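The residues of the chain are indexed from 1 along the displayed sequence. Here the structure is a predicted model, which is why all the values come from computation and not from measurement.
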Amino acid sequence: MTVKNNIRSPLRVLVVCLGNICRSPAAQGILEADISARGLNICVDSAGTAAYHQGNPPDKRSVNELALRGIDIQALRARQVQSADFESFDWVLAMDKSNLSNLLSLCPTSLKGKVRLFSDFIENPVNEDVDDPYYGAVNGFAHMADHLASLSQQFLDYIESNP
Ligand code: 4NP
């Protein structure tokens, strides 16, 4: 497959939620599938602002919802955001405003520009959250995956239009 952006230095994107077991591993899996389909050279990782689930696989409900969409995220393991992440990633994308606020408080001032909401790249951004499905209804995971699928395409549209 043709790789469209610079093969020597892939863009590096970190997607972040609270626990790194529901939303951000799902976002990572969806982004990776879309990146591959578009033939882009972008490296994606995910992390949580909290350490509760460090080392754990994604929540089964995220695994199952992504499997329905042909994406396997079972091998991912949760980790907490580290200060080095703000240096080593080009974009650090928060799932919700609480994650964003926590990330900004950890991030050195000079690097804060790379810390954004994942929803900031849609046509008319309105600070929308990817809702946390952890304690919610079963269909929260389908809603989360639909939302992430839309945000992933719009983020990659932005990246392709602003190389
Ligand atoms: P996530 O969801 O931030 O999308 O991974 C959560 C996972 C675990 C918890 C909260 C949210 N928790 O409280 O353990």
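- By the criterion of side-chain heavy atoms lying less than 4.5 angstrom apart, applied directly or through intervening Ile, Leu, Val, Met, Phe, Trp or Tyr residues, Leu18 is not grouped with Ile73; the two fall into different hydrophobic clusters.
- Applying the side-chain hydrogen bond (donor to acceptor under 3.5 Å, both in side chains) rule to pairs touching residues 104-117 yields Arg116-Asp120, sequence neighbours excluded.
- A chain of hydrophobic side-chain contacts below 4.5 Å, direct or via other Ile, Leu, Val, Met, Phe, Trp or Tyr residues, connects Leu66 to Ile35.
- The structure places CG of Asp34 at 9.5 Å from CG of Leu40, a figure rounded to the nearest 0.5 Å.
- In the model, Asp96 has a side-chain atom that pairs as donor or acceptor with a side-chain atom of Asn99 under 3.5 Å.
- Taking the side chain as every heavy atom from C-beta outward, Phe121 and Asp157 never approach each other to under 4.5 Å.
- Between Val81 and Leu103 the shortest side-chain heavy-atom distance falls below 4.5 Å.
- Considering OG1 of Thr49 and CD of Gln80, their distance stands at 7.5 Å, rounded to 0.5 Å.
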Side-chain atoms of residues 136-149: list all donor-acceptor pairs with protein atoms under 3.5 Å, sequence neighbours left out, distances to 0.1 Å.
{"from": "Asp146", "atom 1": "OD1", "to": "Arg69", "atom 2": "NH1", "distance (Å)": "3.0"}
{"from": "Asp146", "atom 1": "OD1", "to": "Arg69", "atom 2": "NH2", "distance (Å)": "2.9"}
{"from": "His147", "atom 1": "NE2", "to": "Glu128", "atom 2": "OE2", "distance (Å)": "2.7"}

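- Of the possible polar contacts, none joining the Arg61 side chain to the Pro58 backbone as a donor-acceptor pair under 3.5 Å is found.
- Among all heavy-atom pairs drawn from Ala27 and Met95, the shortest one is CB-CE, 4.0 Å.
- Here side-chain hydrogen bond (donor to acceptor under 3.5 Å, both in side chains) pairs that include residues 83-94, with residues two or more places apart or in two chains, are Arg79-Asp85.
- Nearest heavy-atom pair, Gly48 versus Asn20, reported as atom, atom and distance to 0.1 Å: N-CB, 3.4 Å.
- Between Val115 and Cys107, the closest heavy-atom pair is CG2-SG, 3.8 Å.
- No side-chain heavy atom of Leu14 sits less than 4.5 Å from a side-chain heavy atom of Phe86.
- In this structure, Leu100 is not a member of the same hydrophobic cluster as Phe118, with clusters built from ILVMFWY side-chain heavy atoms closer than 4.5 Å.
- At most 12 heavy atoms of other shown residues, nucleotides or ligands fall within 6.0 angstrom of atom NZ in Lys60.
- Side chains of Ser24 and Gln28: a donor-acceptor N/O pair is absent below 3.5 angstrom, by distance only.
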Between Phe89 and Val13, does the side chain to side chain contact (heavy atoms under 4.5 Å, CB included) criterion hold? Intermediate values first, please. CA-CA 6 Å; Phe89 287 90; Val13 176; 5.5 Å; no

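- Hydrophobic cluster membership differs between Tyr52 and Val16, with clusters built from Ile, Leu, Val, Met, Phe, Trp and Tyr side chains linked at under 4.5 angstrom.
- Separation of atoms OG (Ser62) and CZ (Arg23) is listed at 9.5 Å; rounding is to 0.5 Å.
- Rounding to the nearest 0.5 angstrom, the gap separating the NZ atom in Lys97 from the CG atom in Leu104 is 13.0 Å.
- At a threshold of 4.5 Å between side-chain heavy atoms, the hydrophobic network of Ile, Leu, Val, Met, Phe, Trp and Tyr places Ile71 and Val130 in one connected group.
- The CD1 atom of Ile122 sits 14.0 Å away from atom CD of Gln153, with the distance rounded to the nearest 0.5 Å.
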Could you go through the side chain to side chain donor-acceptor pair (under 3.5 Å) check for Ser36 and Glu32 one step at a time? CA-CA 6 Å; Ser36 171; Glu32 287 175 343; over 6 Å; no

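- For the atom pair CG of Leu11 and CD1 of Ile42, the computed distance is 5.0 Å after rounding to the nearest 0.5 Å.
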